[in-house]
There are 2 protein chains.
Amino acid sequence: MTQDTLRTRLITAGLEILQENGLNALTLRACAARVGVSHAAPAHHFSGLSGLITGIIAKGFTQFADTMEEDRKAAPPTPLGQVTGICTGYMRFSKEHPALFALMFNTSGEIDKTDPEFAATSARAYGLLHDACAPYLPVTEHPNATEVLVWSLVHGLATLQLGESLKVAEDNGNPPTIEELLNGLSLKVHP
Amino acid sequence: MTQDTLRTRLITAGLEILQENGLNALTLRACAARVGVSHAAPAHHFSGLSGLITGIIAKGFTQFADTMEEDRKAAPPTPLGQVTGICTGYMRFSKEHPALFALMFNTSGEIDKTDPEFAATSARAYGLLHDACAPYLPVTEHPNATEVLVWSLVHGLATLQLGESLKVAEDNGNPPTIEELLNGLSLKVHP
DNA sequence: CTTTTGACTTGACACTGTCAAGCGGTCTGG
DNA sequence: CCAGACCGCTTGACAGTGTCAAGTCAAAAG
């Protein structure tokens, strides 16, 4: 119990630090200090920094999936409405939690992908996108082509927008929205 | 002269460390040690670690543009051939230099975007993609919609593939290639 | 009541980036 | 010709990081 609450509190502290002070402020010692324990306490609940990060990311994927599901439920029940809702939630999460989003998709490899909690929460997030793409025909002969297309598109847009890379392409105002781009794809539903 | 060569050698050392030992091995002291100077020598040529990283990224964008241009020149001179060549080079660079690619598009914000060398080399890379998309009609009413669509798509695919996130969507073998996905977009050329 | 277990602390270690001071050449001004 | 300033670089220190070993201390177990 005490063990479980400290573990949970450390993850919560990490999420708060991420939100308030950004990615490079996320530190084992900072999490411990925020919770009010010694700097070595986290070692009894996580396998080092990478373990804590894995726990934070697992929790992050839950929030991520919640955000996507929220926007999906508020969208019209048509195939296009559902996938647009998922992608709108995808974009919204990346803007509301930029540091967490960057950490979750960090390719630096400091994350234990065999962690069961991580596997479960990330699978749920992927399942939402998968289901939203299911009504559509594959855009190529590859069976998963449509979901890979949509996922790559929304993820690339979120990442580039977060890094402000897209600003060079915005000679006039804002970039196109994910909703506009999805409309432009003219996806065909399964007959 | 000596100043310029040490600056260049530090950037080269950083690129090598990135390639050989990954992102978290990239260190001011490691770069200095590899070149054979003291740990404080880099401070005379870069404004701290962020300055060195900016220099490495600037050089990285040159290699990035070279890779894209190389594949574009080897592709058929049709609009679809050219944009496919650019995107193939984009994917190839991300696979051949994963750590550098991750660093270049790191949203952690430890990079000085006002650096003139960075601005120049990144602008060249963007220009290649921009030009390859120029023959196509915008996919929405937004004038830059097509290049944002293509850029997001290829960047998302590269990033997700690098982080091995796409593996959950690959029930059967490999994911669709960027070439297949571009074909599936059915982009229309300007009349 | 004693023992043992486990959560947590304390203290140390190597490593990081950054800063101040100093050294040793080279170039300049007289 | 040659003192003095300058500049590239070194040395040494500092706070901060993750990680490990040892110790503390209360609660559970015998």
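Scope of the values below: all heavy atoms of this structure, side chains included, with no hydrogens, waters or symmetry mates. Lettering follows sequence order; numbering is per chain, from 1.
- Within residues 34-43 of chain A, the residues that place at least one heavy atom under 4.0 Å from DNA chain D are, in residue-number order, H39(A), A40(A).
- Taking the charged nitrogens against the carboxylate oxygens, K59(B) and E117(B) have no contact shorter than 4.0 Å, which rules out a salt bridge.
- Judged by distance alone, the side chains of T114(A) and D112(A) do bring a donor and an acceptor atom under 3.5 Å apart.
- Regarding L26(A), its CG atom lies at a distance of 11 Å from the P atom of dT17(D), rounded to whole Å.
- Between D131(A) and R72(A), none of the side-chain N atoms (NZ, or NE/NH1/NH2) sits under 4.0 Å from a carboxylate O, so this pair counts as no salt bridge.
- For L28(B), the side-chain atoms get nearest to dG17(C) when compared with the rest of dC8(C), dG18(D), dG17(C).
- With sequence neighbours left out, the salt bridge (Lys or Arg N to Asp or Glu O under 4.0 Å) criterion links E20(A) to R34(A).
- Distances shorter than 4.0 Å separate none of the side-chain N or O atoms of H44(A) from OP1 or OP2 on dT9(C).
- Here the C1' atom of nucleotide dG16(D) and the CG atom of N24(A) are 13 Å apart, to the nearest Å.
- What separates CG of L10(A) from P of dA7(C) is a distance of 13 Å, to the nearest Å.
- Between the CG atom of L49(B) and the P atom of dC15(C) there is a distance of 18 Å, given to the nearest Å.
- As a whole-Å value, the separation of R9(B) CZ from dG8(D) P is 14 Å.
- Listed by first then second residue, pairs satisfying side chain to side chain donor-acceptor pair (under 3.5 Å) with a partner in residues 179-189 of chain A number zero, not counting sequence neighbours.
- On a pure distance criterion of 3.5 Å, a polar donor-acceptor pair joins the side chain of R29(B) and the base of dG17(C).
- Of all heavy-atom pairs spanning G60(B) and L100(B), the tightest one is CA-CD2, 3.9 Å.
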